[in-house]
Every structure is written in C-alpha cells, then in structure tokens.
Number of protein chains: 2
Amino acid sequence: MVKGVDKVGLGGSIRAVERETLNDRVYRELRTMIMSGGFAPGSEMKLRDLAQSLHVSPMPVRDAIGRLVVERALKMLPNHRVIVPETTIDEFLEIRRVRILLEGEAAALACQHVSPDVIASLKRIHEKIKSLSGNKQRQFWALNQEFHFTVYEAAKSPLILSMIESLWLQIGPVFNHIPINLTSEGARGHQRIIAALGAGDAKAARAALTEDLMKGGDRIIAALIQDKQPAH
Amino acid sequence: MVKGVDKVGLGGSIRAVERETLNDRVYRELRTMIMSGGFAPGSEMKLRDLAQSLHVSPMPVRDAIGRLVVERALKMLPNHRVIVPETTIDEFLEIRRVRILLEGEAAALACQHVSPDVIASLKRIHEKIKSLSGNKQRQFWALNQEFHFTVYEAAKSPLILSMIESLWLQIGPVFNHIPINLTSEGARGHQRIIAALGAGDAKAARAALTEDLMKGGDRIIAALIQDKQPAH
DNA sequence: ATATTTGATTTGTTATCACAAATCACAATT
DNA sequence: AATTGTGATTTGTGATAACAAATCAAATAT
C-alpha cells in the first residue's frame, strides 16, 4: 500500500507521463477516420450511435465532435445535426487557395531545416508511391499524405503544421470518396519537391509544391464535376 | 393551442431561427473576453469558477474551453490545466508570418469584391482612429480590429476569414496586456490600404497590408522585449 | 386524396453526481 | 531547518438522467 509503487517500473522504464483521456482518444479516432475516408461526405454523425460503437458514453463523443466542428472537419447544420461536409467545387478551390499559401510557406521554411534524414525519407516514400500498381486510391492518398507531412514537419512551425492538418482534414472525405483518375504524373511533382529541398532552394520548393497542388487539385475538380453529373 | 402560433410573430418578425444554446453563448462570451483582453496571459481558466461567474453548470464551460483550446486561443498544459497563452517572441513571429500570408491574401481578394460602402466604412473607421487622443490602447485595438475585418469580410472567403479570426484570437491577450508605444504612424498604413482597395490593385493591397503588419508587429516585439526585462 | 395535426420517437443539450488525478498544507522525521 | 510522507481540497473527467427541440408517422379533418 506504499504510494508511488506503480510509478517505479521494475522493467526500468518510468511510466509514461502522458495521460490519454477518453476525450482525446475519441477525438483522435474520429479524426483519423475522417481523414482516411472512414465516413462518406453527407453522412450524419449521431452521438449515441458513435458512443455505442466506440464503447463510451455520449459525453466524450460530444466533446470530440464539438472540437471537430470548430476546425471545420465536421459541419453543424442549423438543426444542430452534425454531418461530414459535402465539399462543393467553390469550397474546394477556397481550400486549395489557402493550402498553396500555407503549404508553400511550409516548404520554403523546410529548406532552412532540411536534413539528409528527411531527404532519405522523402525518397523512400516517393519510391513506394511509384511502385503502387493500379488505382489504389486509398494507399496513394495515405502515402501522399505521408510525403507532404514529412516536408511540413521539417518546417518546424507548429502553428503552420496544425493549420495544414486542419485543411487536410477538410478535404480527406473528398479524396477518399470521389473516384479519381490516378495518373503517374504526380510523381514528377514530388521529384521536383525533393530536388528543391535538397538544394535548399526555398523559392523552387514553394513553386514545386504549388504546382503539385494545382495539378492534383485539377484532377480532383474534374472528378467532382463528373461526380455531380452521373447521367449521360 | 394552434401549433406554430409562436412562430408567427405579430410584430412582423419571424422568431429567430437561430437557436442560442448555452454552449454557444459561453463560447462566444469567452471568445470575446479573450480577444478584448479580458484575461491576462498566463491566467488559469478554472471550470467551476467560470461556471459560477457565468451562472451555468460546468458542462457548457467545459465544452467552450475545449473548443478554444483547439483553435489555440487557450492552451492546455500537460497537467490538463488550461491557461491563456503567454506568447513568446518566436511564437509571435510565427503568427505574424501566417497573418501576412492570410491577411495579405484576403486583402488581395477583397479588391475583387470591394464596394463604395466598404471604402466608406474604412474611411470612417480610419478617421475615428486618427482622432483617438492619447494612449488609449484598448480603443485603438478595437478600432484597428474593426478596420481590418472590414477588409477581410470583403474578401468573401469564409475559410480565410475564420482562420484569420483564430489568429487574432491568439494575439488578443498580447495586444491588450503589453503596454505598446502608440505612434500615429499606423495611420499611414491604413491610408495606403484604403487607396489600394479603392484602385482595385490587388498587389498593392497585399503589399500595404504586409507593411502594416510588419510595422505594427515590430512595435509589439519591442514591447515584448521591454516587458521581459523590467529591471535596469 | 391531400394537408394538417398530434403523439411517439429520436437526437442534441445540460445539470448533477461519482470518480480520478493533481495540488496544497501540514505534520512527522531525518 | 529541510525534506518527505500523508491527508484534505481542488480541479478536470466521464456517466447517468432529465430536458428540449426536431423529426417521423399515423390519424384525422377538410
């Protein structure tokens, strides 16, 4: 009954100081599911349903949903019902505009902090993407995400990183639920980003990233238009 | 006992469709207080205290604080205690960097939508600021805020607007709690912004706004440095 | 047959309460 | 005198339950 006995691990490692609350767990789980396409755009997020499937009370779910609404990952209708947003083309363009600003800035900043490790990681992910066969949209999206965030983390700006995360969260459902024509073009864009970072050329890095987002965005927009007119 | 009788206002106005929950009210009130300097940086936000002073249960306060933590208006320490952030110089520079990106973009976008009304409003606010006597820091901050957001609302981009709001929320406590040397220089910056918007010159608008933020930021940074070394 | 009402069900909102972790204050011991 | 242990208090976390608003469906009236 001696206090603190459970803090001195016999295995030699002190107990992790991080306390994982249910709030945080639910928030992180929902976040991951949204980002990876776990929910279709337009689907309703019902408190009690989610609570039951996550085996918690409605309260932490409510909390997590509230947070996600603030960062626009979910949308609250006037009825106070919460849905995964259905992104219009205008909204997508709006997001892309901001992404170019922030992710371009991050790429430029990354040039000041880039290390051989980062370059190596980027090349490794790049190879994985190139070796992706067929139209494996989900895998492409996940690897693409890994590639981009490797760059953004190198920028060493927690504020910019969190804002970019929020933007990706908003377009996650689109990427994962609209069938996109994946060509191998995207690879060249990543190649240019790696080159610019390797050279420490901030201007080139921003330009390369901007072009990547523009090209990729154009494909999404085309898919969005096609998706809106299923007939004929 | 006819249903809907309370929806058809006899005064001619339909009952407001907006349902104002306690959550929202508390959130909005805390938000306003933070932005306008109601809390000093570093002060703790205690659930039960706030609940008591707002005459609600701790639950809506908890909800509102959670949201504000997500948008970085409040900061959660590892102990899970929540405080108003104390902004370091590095953090301030980080925020300014992003502000220049987003607010510059907003100014450029505003050029496409600017109307005589907007120009008139800006001039009116500008006159008010110029007529401000003495070092009325609070009033200056409030009017400055009004001026800038008049521009940003004209940009017609809800996403950019909400992101800018979040950034202002983060620097609100700084502006209102660090004594700043208010010179009349700021006025010229606003004058240039009005001119650029009036001419519909997006490039000039972005440049004018950037300079305004840089100049203003420099004064804040000077104040932050002075504030950190009170002795000698 | 259509529209409206009314009751039942669902769903979000909020207070109360029980619990857990952290902090604080005081005492005991070295 | 300083430090460590111990209990009390404070503070955040999460579940339950009561409440309110919205939705849905069936029944009624026109």
Side-chain angles (χ1 to χ4, degrees), chain A residues 1-9 14-31 39 42-70 73-85, chain B residues 1-9 14-31 39 42-70 73-85:
Chain A
M1 190 71 101
V2 181
K3 189 175 173 188
V5 69
D6 59 340
K7 286 188 183 172
V8 183
I14 306 297
R15 197 249 304 263
V17 286
E18 297 287 337
R19 168 168 54 136
E20 167 93 329
T21 64
L22 270 186
N23 261 334
D24 297 337
R25 186 172 72 78
V26 171
Y27 171 72
R28 204 164 33 75
E29 253 168 65
L30 290 181
R31 204 174 204 275
F39 303 103
S43 61
E44 290 197 0
M45 307 289 282
K46 287 186 247 191
L47 236 51
R48 288 168 175 83
D49 289 359
L50 286 172
Q52 194 165 5
S53 68
L54 292 169
H55 301 100
V56 297
S57 88
M59 206 47 67
V61 177
R62 181 177 148 59
D63 194 279
I65 286 182
R67 296 196 218 173
L68 290 165
V69 168
V70 171
L74 297 175
K75 186 176 183 177
M76 181 173 282
L77 303 179
N79 338 338
H80 283 207
R81 265 175 167 66
V82 173
I83 61 170
V84 179
Chain B
M1 189 69 104
V2 181
K3 189 177 175 187
V5 69
D6 59 341
K7 286 187 182 171
V8 183
I14 305 296
R15 196 252 301 264
V17 287
E18 299 285 337
R19 169 166 55 129
E20 168 94 330
T21 64
L22 273 183
N23 259 334
D24 298 335
R25 186 172 72 79
V26 171
Y27 171 72
R28 205 164 31 75
E29 252 167 68
L30 290 181
R31 203 175 205 275
F39 303 103
S43 61
E44 291 197 2
M45 307 290 282
K46 289 188 246 190
L47 236 49
R48 287 170 175 82
D49 290 358
L50 287 173
Q52 194 166 4
S53 70
L54 292 170
H55 301 101
V56 296
S57 87
M59 205 50 66
V61 178
R62 181 178 143 58
D63 195 279
I65 286 182
R67 296 196 219 172
L68 290 164
V69 168
V70 170
L74 297 175
K75 185 176 183 178
M76 180 173 283
L77 303 178
N79 338 338
H80 285 207
R81 264 177 168 67
V82 174
I83 62 171
V84 179

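Since this is a predicted model, take the numbers as computed values, not measurements. The chains referred to below are lettered A, B, ... by the order of the sequence lines, with proteins before strands, and numbering in each begins at 1.
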Enquirer: Check this one for me: any side-chain N or O of B/H80 less than 4.0 Å away from OP1 or OP2 of D/dT13?
Expert: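 Affirmative; the distance criterion is met.
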Enquirer: Using whole Å, report how far CG of B/L22 lies from P of C/dT16.
Expert: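 Spelled out: CG on B/L22 to P on C/dT16 is 12 Å.
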Enquirer: Quick one: do B/V84 and B/L74 satisfy side chain to side chain contact (heavy atoms under 4.5 Å, CB included)? Show the steps, please.
Expert: CA-CA 5 Å; B/V84 179; B/L74 297 175; 3.9 Å; yes
Enquirer: Among residues 50-64 of chain B, which ones have heavy-atom contacts with DNA chain D below 4.0 Å?
Expert: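 B/M59, B/R62, in order of number.
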Enquirer: Between C1' on C/dA15 and CG on B/N23, what's the gap in Å once rounded to a whole number?
Expert: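 One finds 12 Å between C1' of C/dA15 and CG of B/N23, rounded.
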Enquirer: Just call it for B/L47: base, sugar-phosphate, or nothing, with non-hydrogen atoms closer than 4.0 Å on any strand.
Expert: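 Touches a base.
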Enquirer: How long is the line joining CG of A/L74 and P of C/dG12, in whole Å?
Expert: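 It is 12 Å, rounded to the nearest whole Å.
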Enquirer: A/E44: which residues meet the side chain to side chain donor-acceptor pair (under 3.5 Å) condition with it, sequence neighbours left out?
Expert: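 Partners of A/E44 under the side chain to side chain donor-acceptor pair (under 3.5 Å) test: none.
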Enquirer: What's the closest nucleotide to the side chain of B/K46 if the choices are D/dT23, D/dG14, D/dG12?
Expert: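 Nearest to the side-chain atoms of B/K46, counting from C-beta on, is D/dG12.
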Enquirer: Compare every heavy atom of A/A64 with every heavy atom of A/N23, then report the nearest pair and how far apart it is.
Expert: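 Scanning both residues, the minimum pair turns out to be O-CB, 4.5 Å.
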Enquirer: Kindly give the heavy-atom pair with the smallest separation between B/V56 and B/V26, and that separation in Å.
Expert: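 In terms of heavy atoms, the two residues are closest at CG2-CG2, 4.2 Å.
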Enquirer: Which pairs with one or both residues in residues 48-66 of chain B pass side-chain hydrogen bond (donor to acceptor under 3.5 Å, both in side chains), sequence neighbours excluded?
Expert: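 Output for this query lists B/D63-B/R67.
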Enquirer: Using whole Å, what does the distance between atom P of nucleotide D/dT11 and atom CG of B/L77 come to?
Expert: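 So the CG-P distance, B/L77 to D/dT11, works out to 14 Å.
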Enquirer: Provide, to the nearest angstrom, the distance between the CD atom belonging to B/E20 and the C1' atom belonging to C/dT14.
Expert: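 Going from B/E20 (CD) to C/dT14 (C1'), I get 15 Å.
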Enquirer: As a quick check of understanding, evaluate side chain to side chain contact (heavy atoms under 4.5 Å, CB included) for A/L22 and A/R25, giving each step before the final call.
Expert: CA-CA 5 Å; A/L22 270 186; A/R25 186 172 72 78; 3.6 Å; yes
Enquirer: Rounding to an integer number of Å, can you tell me how far A/D49 CG sits from C/dG12 C1'?
Expert: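 For the pair A/D49 CG and C/dG12 C1', the rounded distance is 13 Å.
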Enquirer: Over how many whole Å does the gap from A/R25 atom CZ to D/dG14 atom C1' extend?
Expert: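 Whole-Å distance recorded here is 12 Å.
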Enquirer: Under the side chain to side chain contact (heavy atoms under 4.5 Å, CB included) criterion, do A/L30 and A/L50 qualify, and how do the steps go?
Expert: CA-CA 9 Å; A/L30 290 181; A/L50 286 172; 4.3 Å; yes
Enquirer: Taking CD1 from A/I83 and C1' from C/dT11, how many angstroms apart are they, rounded to a whole number?
Expert: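 Roughly 15 Å, once rounded to whole Å.
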Enquirer: Can you tell me if the side-chain N/O atoms of B/N79 get under 4.0 Å from OP1 or OP2 in C/dA21?
Expert: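 Checking C/dA21 against B/N79, no side-chain N or O comes under 4.0 Å of OP1 or OP2.
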Enquirer: Specify the residue among A/R81 and A/R48 whose closest nucleotide of DNA chain D lies further upstream toward the 5′ end.
Expert: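 Of the two residues, A/R48 wins.
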